[in-house]
Amino acid sequence: MTIGAPILEVEVLVIGLFVLMVEAFFERIDKRTLAFAAIFGLAAVLAASFFLAPAPTDVATTGFWSFYTADLLAIFFKRFALVTTILVLVMMVDYAPVVRQSVHGTTHQSGLGEFFALPIFTCVGLMWMASAIDFVMIFVSLELVTMSFYVLVSFTRRNPATLEAGVKYLILSALSTGFLVYGITWIFGVTGETNLARVTAVLADPALESGPALFGMVLVLVALGFKIAAVPFQMWVPDVYQGAPTPVTAFLSVGSKAAGFVVLLRVLQPFFMMPQMVKALTIIALLTLLYGNLAALPQTNLKRLLAYSSIAHAGYLLIGVVSFAGEAVAYYLVAYLLMTLLSFAVLVVVANQTGDNIEDFSGLAKRSPFLAFAMLVAMASLAGVPFTAGFLGKFYIFDAALRQHQTTLVVVGVITVACGFYYYLKVVRAMYWDGSSIDAPVPVSRLSRVTMTAMMVAIVVLGVYPQPILNALK
Amino acid sequence: MVTLGQYLIVSGLLFTIGFAGVLLRRNIIIIFMSLELMLNAANLSLVAFSRFRLGVDGMPNYNAQVFVFFIITVAAAEVAVGLAIIVALYRARQTTHVEDINSLKF
Amino acid sequence: MSPILFWLFAFVMLVFGAAVVINRNPIASALSLVVCFMGLSALFISLDAFFIGIIQVLVYAGAVMVLFLFIIMLLDLRVEERRKINLVAFVGGLAVAFALFVQICFVVDQLGAAKQAFPSLRAAKMDDVHNVGLLLFTNYNLPFQIIGVLVLVATIGVVVLSKRELR
Amino acid sequence: MILPFIVFCPIVAALAILCGAPARRTALWAAGFTLAATLLVYFEFDAGRRGFDFVVSYPISDAWRLNFTLGVDGLSLIMLLLTAIVTFAAIWFTGPIATHEHAFHACLLLIAGGALGAFASLDLFFFYAFHELALIPTFLLIGIWGTGNRHAAAWKITIYLATGSFILLLGLIMLYRSVPDGARSFDIRALQKAAALGMIPTDAQGTIFLVLLIGFGILVSLFPFHTWAPEAYASAPAPAAMLHAGVLKKFGLYGLLRVAIPLLPQGAQQWTTLLLVLLLGNIIYIGLVTIAQKRLDWMLGYSSVMHMGYIFLGIASGTLLGMNGAAVLIFAHGISIALLFGIAGEIRQRTGTLLLSDLGGLGKIMPRAGLAFGLAAFASIGLPGFANFAGEVMVLFGAFRNGAEPYRFHIFQIATVLALWGVVISAVYMLRAYRKVFMGAMPENWSGVTDLRRSLHVPIGLLVAVTLWFGFFPQSLVRIVSPTFKSYFTQKP
């Protein structure tokens, strides 16, 4: 039995609407069952994604298949979005008490239903984005994702820090939308097309003046730079990551970034023969690596630290992009998903008891050896210790860069890895070396425990045996 | 006669005015209006391209106009959500000033 | 359309666009924005895009502007007191914006088609509502559906964000 | 299947301990099993054989031609033997641990497992990855259970080693990339074959060798990159210092002998002079710095840095004799420095200080410790009868012989002559330390200090016996390693 790839989005959409309806018409139920239902549903869709009917491979000139592709990259990132959303929903269940405190309503669980429904719609947007091969499609699906993030980021609106984050995210995202639209306009103006394949075909004509199209592409790159948090478009990241509700931060740092990279990989294809483009991206990658890693060094708040670390990882991913290594980028993103979401999952649980500063993790090894070990694995992987997925990701990236003789990038990359060891191990130090005034054990729900264990196992297994990911792309 | 270039320059100027507004103004509502200016500048360029670069049938390229339609819709939705966030901020902090929302620092 | 009318509407649009940014009173800014969009829609019509021109007036002048004015009134925003301007940031911002404009001018100059005057249409009869509508519901069906989801999300968002709180 | 057992026995034991198995007992059993299995391999090993024995291989990634391959030849065998012996001794030396006893033993076993895996891997990827496995346990061991300025030391060693490792990784990827596409592999055997066919271009060899030399050099504390070592060893708990100084640090030397020298012979020649200058820095400069130390643990740390110079000299010599000597010296130094750190840890535990000026007269109340320390110090100096002597003699003769001309001193001869002074220097600081610690007047308040507990006879006896055995019969080591090195010379076109 097989299904068509576009059905996947419809299914997810139905799950979202279902959650929304139940939330609206059944006030008495425990809203957390909605999250469990959604997790179950998304898992079912994830399973269904392994029984896909083959999609048309050649791009149609008009109609559905001129906007939508179901190639391997798209399917891969659809699954990626589903996994991310499932993990974020698990985190959101743990985070529910905080939402309750900051969104007072008529009932004690008011607002929770929407909190669980919005990520599902975001997930649909991410899945559409993974399939987008037309600038119009990219625009609308990107806006769907952005729109739901506007709401999610400012969701706990009783908390002033959250609102500030929301406003900052709003303004900078809207700005990036402006650049995106204007850039697409220029590309359309030169080529008369919005479909990526046809844009490529038109641009291949040497008689065409490429300057204006390149200008349009630069504007699109600026917009995507905001999404993937590349320097110099990263200024919103630390504040928004720190202020937003923690599961949303996790979603933002993984889902939004991954989608940005898929679009980047697709959009860059028509422009990669231009040496200016590679040079510009190389410089952006260098700046991103340096800024993300150096600014992370003095941080004392874990959410903020992870924000800078996400900028830093964008730098490594950009090395992969500059080296034309789509496979390496995809693998790195998977590793990034696992390790980032694992650290956020631990953060949510621990922050419920103490707080989200690094010093709040002091003595975690005594309070909850399980959580401390999970965090240790996540940090080791983020830093790039072998036998974790994070190391293999860096390995692929550096290998790709050396293949393209990007020596500068590699040298800077290696230096910044050493910086990374310093700030990630700061967290490890707090957990294992430092004592704590609190001795109360940290409660972990069974669902979180199972999820975290699964993520730890995945990090280690993929760190030794990367073949499943590589096969999925072949 | 008016040329495509003139339309593009006018639209570019509008885009720049909007961008300058985002960079220079500190009032969030006005920043938001400036963002609308930028989006509309893009719309003007799109429509100009649609009229000047005719399709194969000798009529304007309506693909661009559909895109403009999408942009207007998205912009309207964005305004609605954005203003809701700004109202929530005003309720909590009694300000719409960018400089007042800097409790999060480096 | 005659060049005089083009320059007139372009001038109106740009001057009031600038007024949006320069005015210190948010209400004046919002009203300038309305006038600016009126000029813009006139330009749309000069480009034979009647449907878009009308949508522009309906959506922006009719809906978005009302929303802006409503919020400004609701929050009771007055003329903001003069704050000390950070001169470096101000000059820097101005320079960046100016650089962007210069860049746009260069790009327009590079574009060969930019010197092109109005091409005449093959058919005199413009049925653009029909054409845009047809495209929207056939070729652009998928993006159109996505826009639908987007509006749904925006609706949920506005409800969630501005639901009355119990004090 | 015996090699996977050797590698994974400590790692599985570490996981078991983390999951709640009794810490000390499990660790000791695991180390014992590992030692027994390694001895089995040692006696089973056919010394005349060229190439690798006991090979097992599991495919990991086709696209990368990446396999998890384990195998031993003479060189890796003696490294495995060293690791197994020192691990066993280090875990036996571990006394009761006040906090997180489970984690302590798990960390020790992880370091041991990482070292064993690195030495047994025939695949560059795992060769590298296993070594890195030890990084975080080292950080935790020094940070949690260390003494003195442990926090700074833990940071320093971790950042240094992380940087060194990633430079090394670059070098390895460059090496992988330098081979033409058809022959490209991470497998050391395949790479050796490619190198023998001259597939690695000469101009690439120079760069790659330099990158590898810096990477490995940081890991082995080659002269300008050595500053992490003394501080870390001074602060580390004794078993960790034994394992790290005795075994893990040797990874860099092993890497040079295994990868850099045979695969990049022309590259090695280009940088010989630089290496000679740096290693003289190790021997002479660090030797003098060692004399000036005021604390026993710092002195031992510096001495371990200094002795690396001899091993580098053997590697740089490019002669069969010198390389054999380097291998013997790696082994011998690992054993002797482990014993020294072990005893120093016991002393610190009893007296609370290792300041040389505060210590004295311990020989009267701790005769067993004094005897063990004395033997280890003699070994470390290189007195005849100990394995270190055999190694140093071979290294020095090997180096002296390189490029020898009848009428004038070549750079190697000058280096050798200078290096000979190192023997004197090490005699000075070792004997001085022995005198200050065990002879002279004893402070009154230490009259209650007890001697080493009797159970420690086992690890000390083991270490001393090994160093004496191979001191009297160095040929039993040379016999095993020399076929490996011989193949390096015959491969050259």
Side-chain angles (χ1 to χ4, degrees), chain B residues 1-10 12-21 23-27 29-30 33-34 36-37 40 43-44 47-48 50-54 57-60 62-63 65-66 68-70 72-77 79-81 83-88 90 96 99, chain C residues 1 3 6 10 13-14 17-18 20-21 26 29-30 33 37 40 43-44 47-49 51-52 55-56 59 63-64 67-68 71-72 75 77 80 90 93-94 96-97 100-101 104-105 108 113-119 121-123 128 131-132 135-136 140 143 147 150-151 154 157-158 161-162:
Chain B
M1 277 306 270
V2 187
T3 62
L4 173 61
Q6 286 165 348
Y7 273 102
L8 293 179
I9 293 283
V10 167
L13 199 52
L14 189 62
F15 190 84
T16 312
I17 290 172
F19 186 51
L23 288 181
L24 302 178
R25 290 307 299 259
R26 305 278 77 143
N27 187 325
I29 295 218
I30 293 186
M33 292 185 202
S34 307
E36 296 304 312
L37 286 184
N40 279 287
N43 284 351
L44 180 58
V47 175
S50 123
R51 177 64 183 79
F52 280 84
R53 320 207 67 181
L54 301 180
D57 56 353
M59 298 301 280
Y62 285 110
N63 288 315
Q65 297 202 9
V66 174
V68 171
F69 178 80
F70 286 145
I72 290 179
T73 320
V74 167
V79 167
V81 175
L83 287 179
I85 294 175
I86 292 172
V87 170
Y90 190 82
T96 57
E99 278 152 7
Chain C
M1 181 188 250
F6 167 76
M13 187 189 77
L14 292 176
V20 173
V21 175
S29 283
L33 193 61
F37 285 165
L40 183 63
L43 288 181
F44 283 159
L47 288 164
D48 295 323
F51 176 61
I52 296 294
I55 289 283
Q56 174 80 12
V59 173
V64 170
L67 206 53
F68 265 112
I71 296 297
I72 293 168
L75 302 186
L77 297 178
E80 56 187 277
F90 187 82
L94 219 52
V96 170
L100 179 70
F101 181 63
I104 292 173
C105 289
V108 172
K115 319 247 171 351
Q116 187 188 358
F118 261 91
L121 298 174
R122 186 172 298 165
D128 62 342
N131 285 329
V132 170
L135 272 179
L136 207 54
Y140 284 90
I147 288 284
L150 186 147
V151 173
V158 173
L161 288 174
S162 38

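Chain A is the first sequence line, chain B the second, and so forth, proteins listed ahead of strands; every chain is numbered from 1.
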For B:Val10 and C:Phe6, work out which heavy atoms get closest and say how close.
CG2-CZ, 3.9 Å

Between B:Ala76 and C:Val59, the two heavy atoms sitting closest are CB-CG1, 4.1 Å

Contact class of C:Ala49 relative to chain B, heavy atoms under 4.5 angstrom:
both

For the CG atom of B:Leu44 and the CD1 atom of C:Ile52, what is their distance to the nearest 0.5 Å?
12.0 Å

Hey, what do you get for CG (C:Leu67) to CG (B:Leu83), rounding to the nearest 0.5 Å?
5.0 Å

Between C:Pro143, C:Ala63, C:Gly157, which shows the greatest number of heavy-atom pairs under 4.5 Å with chain B?
C:Pro143

Atom pair CG (B:Leu13) and SG (C:Cys105), whose distance is rounded to the nearest 0.5 Å
8.0 Å

Are the side chain of B:Tyr90 and the backbone of C:Leu75 linked by a donor-acceptor contact shorter than 3.5 Å?
yes

Considering all heavy atoms, the nearest B:Ile17-C:Gly17 contact
CG2-O, 3.7 Å

Approximate separation, where rounding is to 0.5 Å, of C:Asp48 CG and B:Gln65 CD
9.0 Å

So which part of C:Val132 gets closer than 4.5 Å to some heavy atom of chain B, the side chain, the backbone, both or neither?
both

Need one label for B:Leu24: side chain, backbone, both or neither, based on atoms under 4.5 Å from any heavy atom in chain C.
side chain

Using heavy-atom distances under 4.5 Å, tell me whether C:Leu150 contacts chain B through its side chain, its backbone, both, or neither.
side chain

Over all atoms of both residues, closest heavy-atom pair of C:Ala97 and B:Phe19:
CA-CD2, 4.1 Å

Okay, C:Val108 and chain B: the region with an atom under 4.5 Å from a heavy atom over there is side chain

Is any side-chain heavy atom of C:Gln56 less than 4.5 Å from a side-chain heavy atom of B:Val68?
no

Option in C:Ile72, C:Val151, C:Leu40 with maximal non-hydrogen atom pairs under 4.5 Å from chain B
C:Leu40

Are side-chain heavy atoms of C:Val21 and B:Ile30 found at a separation under 4.5 Å?
no

Side chains of C:Ile147 and B:Phe69: closer than 4.5 Å at any heavy-atom pair?
no

Which heavy-atom pair separates C:Pro26 from B:Met33 by the least distance, and what is that distance?
O-CE, 3.9 Å

Side chain / backbone / both / neither for C:Leu33 at chain B, heavy atoms under 4.5 Å:
side chain

Does B:Val87 reach the side chain of C:Leu161, with side-chain heavy atoms less than 4.5 Å apart?
no

Under 4.5 Å from any heavy atom of chain B - which part of C:Leu94
both

Among B:Ala48, B:Ser50, B:Ala88, B:Ala75, which has the most heavy-atom pairs under 4.5 Å with chain C?
B:Ala48

Taking atom CG of B:Asn43 and atom CZ of C:Phe37, what is their separation to the nearest 0.5 Å?
9.0 Å

Roughly how far, to the nearest 0.5 Å, is the CG atom of B:Leu14 from the CG atom of C:Leu14?
6.0 Å

Under a 4.5 Å cutoff for heavy-atom pairs, which residue among B:Leu8, B:Val47, B:Ile85, B:Thr73 has the most contacts with chain C?
B:Val47

Non-hydrogen atoms of chain C under 4.5 Å away: do they reach the side chain of B:Leu23, the backbone, both or neither?
side chain

